[in-house]
Structure formats: structure tokens, C-alpha cells
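The structure under discussion appears below in the form of C-alpha cells.
Keep in mind that this is a model prediction, so the values were computed, not measured. Chain letters run A, B, ... following the sequence lines, proteins first and then strands; every chain starts at 1.
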Amino acid sequence: MSGQVLVVDHLAVSVAGQQVVEDVSFTVPATGITAVLGRNGVGKTSTLKGVLGLYQRTGEVTLAGERIDALPTHKVVQRGIGYVPEDREVFARLTVSENLALAERQGSATRERREMVDRLFPDLVQRRDQMAGTLSGGQQQMVALARVLLNDNLLLLVDEPTKGLAPLIVEQVIEALRLASATVPILLVEQNLDVVRRLAGDAVVIAGGRVVHTGSASDLLSDELLTQRLLGVHAESGEVRP
Amino acid sequence: MSTIVLLLATGLGLGALYFLVASGLSLIYGLMHVLNFAHGAFLTLGALLGYAAALRLDATSWPGFIASILVGALVGAGVATLTELLLIRPLYERHIEQVLVTVGLSLASVALFEGIWGTDPTFIRGPAWLDETTGILGARVPNDRFVIIGVAALVLLAIVVFLRRTRYGMIIRAGVENRAMVTALGIDVRRSFTLVFAIGGAAAGLGGVLAAHYFGYVSPSLGGSLLIFAFIVTVIGGLGSLTGAAVASVLVALLQQFANYYAGGTGDFVIVLALAGVLLVRPSGLMGKAA
Ligand SMILES: Nc1ncnc2c1ncn2[C@@H]1O[C@H](COP(=O)(O)OP(=O)(O)OP(=O)(O)O)[C@@H](O)[C@H]1O
Ligand SMILES: [Mg+2]
């Protein structure tokens, strides 16, 4: 089991009484970045929210050998999962430093981590007292990333961190993720296949509420036909189309 | 001129009472999406037990008055905390049931209070100075108005400082914006639910004691009648906005007083019109976040 940080077994997720993820099983290795791929609306975000307990779920979820599928969200997170949500979800009416302070978990955030985050995102240091809602999309993404990097986590769940960002900012996000992945495994939902190619070791493809493919990310993305069939794109063109 | 000053003072006093009730309603709704119909019961019980405490010491003495305020606030906080823990929390995330349980509690508590204290209002007394008046620009303003306005202003200040300067305050502000994300940071947001109930209950209980002095009596229906206007204030101010509640409390009470005096006792009617007007033009209230 030591090779896997997260084991998801027959996970079903529902929102408002409607099942949005049918039956998903996959594992996340204890090192590196694992990509979750799939067409729009296939349930990638809902899978992450199911793992976190933000959406109702059934099935087994095991984090570092311990079952977490019966725990409420805050306890799941306290066990060591950092979540970067799809739309960043920073607190618009809190300042940057309040957003970061709120994210610091007791006994998990350290001085070294704070300094590392400050070095990684100098922009945020300058804008400490600015309301997070007035930041640019890229800066908000940095707040969302900083929130998880401040803590000592077993796993990061990162949902489309490059969505809607300018190329230069995308590079910064890639750098931050690469740096983070040296010390913590990451489960990354990402539509930009170029980013996936550069970061991910493994890939999990979801379609029709189930996992339809798992394996090496580079093998998948170099197989034109397979990529086309699973994701509806040409691997070269990069973006996944609905 | 003296009439206007008197109406202003009376309106501000009433607005202060509205705020003491509406502040809690707004915080609770903002964080938990629950309209708390039991809030009037917190106020009534605070007033009844607060006055009982004053009688023990000597209702006409200052120690008696101060004791009644403290007891009112404590009783309000205590009963609100119990309400959250015993009735609201077990119905976590079931908003309709939560609201229904507060409706039930409010009805049951009025019946209970009537059983214990009777249905008739009890006329109360306080320190003599409270019933005396102070001349302002020719108007004779009852002194209790100043106390009520002052206490409400202190409560507003205290809540603002708490929200701005403490970690729990920060959690509450964040929770009002996006509760799910607060839990996704590893924070048990339910603790802050209990806390906003306690704070709102304390303000309401304290408001009950002051309302008793404003109206000159305590009765089991005291809370219910103020609660209606506090709801209107909360909606006009913008559900979940403390500043909105403060501003709307003053506006609504002044409008009510002036309409009552200059438009033949139509105050309540004008308030309902104002509510309809605000809902038409700004459905999220004066300072609510866009729905
Ligand atoms: N809060 C919600 N309320 C109602 N339906 C939802 C909710 N969240 C997700 N769904 C539905 O669940 C399905 C899966 O959505 P989800 O967001 O998980 O997909 P996704 O793969 O992340 O999509 P995208 O690539 O667009 O981010 C969709 O059909 C969506 O409409
Ligand atoms: Mg998504």
C-alpha cells in the first residue's frame, strides 16, 4: 500500500439527490502528479468534491491507509488534503493575508512554509492588505495555491489551475505545481493537455461516470487515436473540446 | 423643531432596539441561511428574567438596572446556544426543517411564558433618571432613549471589532461568503454557527431588557412584535449584512415614527411599502450581496 497515497474504490457522488459520478475507482501514487482527464461535465470536479465530502458520496476512499469516506469535510482536510478549487474560491471580502491566515492549519503551517510561499508569490506579499476580490484571476489563483502550500499535506487536489489564465501566469502556476510536487503528491484536473504533458506522470480518464483508462500520461497523450477517442481532441491541439 | 427632535430621538431609540434584534438575525442568516423565528423568544426571556433580576436587587436602583442588562444578555446567549446545539445542529443543512423548528419554538415559548408569567403586561420601573427627560433644542427627550442608543452603538462596535479582529470573526465573515470553502480549509464551521447564535441571542436578550424600558412593560408577546420589524429591517438592509442591518434599523424606525406622526398613524403601512419598494428595486437589500 505504501506506493499509494489515495485509493478511491467504487466512488459514487450525488448533488441535490442526483447522481453525477456513478462508479469511479482509481489510485494516486505517493509521488508525482496524477492527471484526471475527461470531457466537460463528465464529473472530474464532482469526483474531487466527493473525495473531500463536499458532495454526498458512497464507496471507499482511503488516504494513506486510513478510511476517510465517513468523515466530514473539515476532518478530511485536517488529515492532510489541500484543495485548490476550480474557480479558486478565494474569499473576496477578506484581504490576501486574511485569506492565507484562515488557511493555516494548527500544527501544520510553519515559518519555513510561509517564507517559501512568500518567495514563490512575491505579488501576494505586496498585496497583503488588498481585498482578494479585487485581485486579478492569476493573483487569485496564487492565493488559492498558497493556501494549500502553507500546510503540511499528504495530497493536493488541484482543479483546473490554469483555466482562463494568460500564458505567462500559466508558466508560474506550472512552476509552483512542479515545486510542490517534489514534496507532496498531486491529483490534478487539467484540460490543457500541454500542461498535463509537462507535469503529469500518470493519467486517469473519466467518461460516462466511470474510469475508462489509467496509465502513463505520456503514453496516453502520444497515442493520437486513444486521446481522440477518450477526450475528443487531437493531442497536438492541446485543449479538450466538449 | 422640538417635535422633530423628539421624533428623531424616539425613532433612533426604536431603531436601536430593531438593530439589537436584527444584528443576530442577519448574522445567523448570513452564515447559516436560517431565518430564526425563535429570536423573539430570546428577547422575551431576556426581558422577563432580566427584570426578575432587577426586582431582586431593587428595580429602581442602578445596580438593579445593570444586573438586568447583564442577566438579559446572558439568558439570551444561553438559550440561543442551547437552541442551536439541541434543535438546529441535528438538522444540519436542512434549512426548511431548521426554520420550521424555530417557528415551533417561538410559538411554544410564548405559550410557556404566558403559563408562567400570565398574558398581561407587567409595568416595570427603573432608576428614576431613566424616566426623566433632558431638554434638547426645546424637546423633552426621555433619558432612556440615550441609554438604548448608546448600548446599541456599543454592541455594533463590539460585533464589528469581533468580526474584524478575531480569528472566529474572520471565519464568520468567510463563512458568510462561502461556507463550503471554509470547511475545505479544515475548519469546523459548525462551531461558528453556535457562536453566532450566542452573539445574536445576547444582543436580543439585552435588547429585551432595553425594550421593556422603552415601552414601559414586559410581556410574553414583547419579542414577537419587535421580531416582525426586525425581519423587515434585515431584509431591507440585505440579509447577512451587519452594516445593512444597522443602517436599515435607523431608516425603518425613523420612517415609522415620522409617518405615524405626520401621516396619521400610517407608520407600519409605510414600512411595508418601503419593504416592497426595496425588494422591487434591489431584491438583495440595501447592502446585501447580489443574489
Ligand atoms: N452543484 C451542482 N448542482 C447541480 N449539478 C451539478 C453540480 N455540480 C455538478 N453538477 C453536475 O454534475 C455533472 C458533473 O459536473 P462536474 O463539474 O463534476 O464536471 P467536470 O468534469 O468538472 O466539468 P468541467 O470540465 O466543465 O469542469 C454535470 O452534469 C454537472 O451539471
Ligand atoms: Mg470541473
Side-chain angles (χ1 to χ4, degrees), chain A residues 15-16 45 48-56 68 71-95 97-109 129 131-133 140 143-144 146-148 150-154 156-159, chain B residues 26-27 30-33 88-97 159-195 237-245 284-291:
Chain A
V15 195
T45 298
L48 298 193
K49 291 194 172 184
V51 168
L52 286 161
L54 284 168
Y55 285 172
Q56 261 182 20
I68 57 168
L71 298 178
T73 301
H74 69 274
K75 293 224 168 107
V76 170
V77 171
Q78 284 168 8
R79 291 284 168 96
I81 294 189
Y83 177 45
V84 180
E86 183 166 357
D87 294 308
R88 324 192 209 304
E89 304 198 32
V90 300
F91 300 104
R93 292 195 273 188
L94 269 59
T95 64
S97 58
E98 285 177 330
N99 266 278
L100 299 185
L102 201 61
E104 291 190 3
R105 302 202 299 270
Q106 236 175 19
S108 158
D129 298 323
M131 290 289 158
Q140 291 191 9
V143 172
R147 286 198 296 211
V148 300
L150 280 168
N151 295 294
D152 185 16
N153 285 306
L154 294 171
L156 303 185
L157 306 180
V158 183
D159 199 349
Chain B
S26 196
L27 276 178
L31 189 65
M32 307 171 63
H33 307 292
I88 305 292
R89 179 168 290 200
L91 298 170
Y92 189 58
E93 288 294 315
R94 289 157 63 183
H95 299 309
I96 294 177
E97 284 92 334
I159 297 179
V160 167
V161 168
F162 168 76
L163 289 176
R164 298 268 147 221
R165 296 265 177 266
T166 68
R167 179 165 174 90
Y168 266 110
M170 198 159 76
I171 292 173
I172 291 170
R173 281 186 290 138
V176 167
E177 263 191 52
N178 183 347
R179 224 173 51 193
M181 195 58 222
V182 173
T183 67
L185 293 178
I187 296 166
D188 184 0
V189 80
R190 286 173 307 179
R191 277 199 219 152
S192 49
F193 292 176
T194 315
L195 195 60
L239 283 159
S241 164
L242 186 74
T243 325
S284 57
L286 296 179
M287 303 201 174
K289 39 181 179 182

Checking A:E89 side chain against B:N178 main chain: does a donor-acceptor pair fall under 3.5 Å?
no
Is there side-chain contact between B:R191 and A:H74, with heavy atoms separated by less than 4.5 Å?
no
Of all residues at least two apart in sequence or in a different chain, which pass the salt bridge (Lys or Arg N to Asp or Glu O under 4.0 Å) check with B:R89?
B:E84
Per-residue tally against chain B (heavy atom, under 4.5 Å) across A:P72, A:S108, A:A103, A:A92 peaks at A:A92
One should read off an interatomic distance between A:K75 NZ and B:T183 OG1, to the nearest 0.5 angstrom, of 12.5 Å
All heavy atoms of A:Q78 vs all of B:G186, minimum pair found to be NE2-O, 2.8 Å
Name the region of B:V182, side chain, backbone, both or neither, that has any atom closer than 4.5 Å to a heavy atom of chain A.
both
The interface call for A:L94 against chain B, heavy-atom contacts under 4.5 Å, is both
Under a 4.5 Å heavy-atom cut-off, does chain B meet the side chain of A:V76, its backbone, both or neither?
neither
Cut-off 3.5 Å, no hydrogens considered: what does the side-chain donor-acceptor table look like for residues 166-175 of chain B, sequence neighbours left out?
unit_1 : atom_1 : unit_2 : atom_2 : d
B:T166 : OG1    : B:F162 : O      : 2.7
B:T166 : OG1    : B:G169 : N      : 2.9
B:R167 : NH1    : A:A101 : O      : 3.1
B:R167 : NH2    : A:L102 : O      : 3.3
B:R173 : NE     : B:L163 : O      : 2.8
B:R173 : NH1    : A:E98  : OE1    : 3.3
B:R173 : NH2    : A:E98  : OE2    : 2.8
B:R173 : NH2    : B:L163 : O      : 3.3

Please state whether the side chain, the backbone, both or neither of A:Q106 comes within less than 4.5 Å of a heavy atom of chain B.
neither
Please classify the contact of B:R179 with chain A as side chain, backbone, both or neither, using a heavy-atom distance under 4.5 Å.
neither
The test is side chain to side chain contact (heavy atoms under 4.5 Å, CB included); show your working for B:L185 and A:V77 and say whether it passes.
CA-CA 7 Å; B:L185 293 178; A:V77 171; 5.7 Å; no
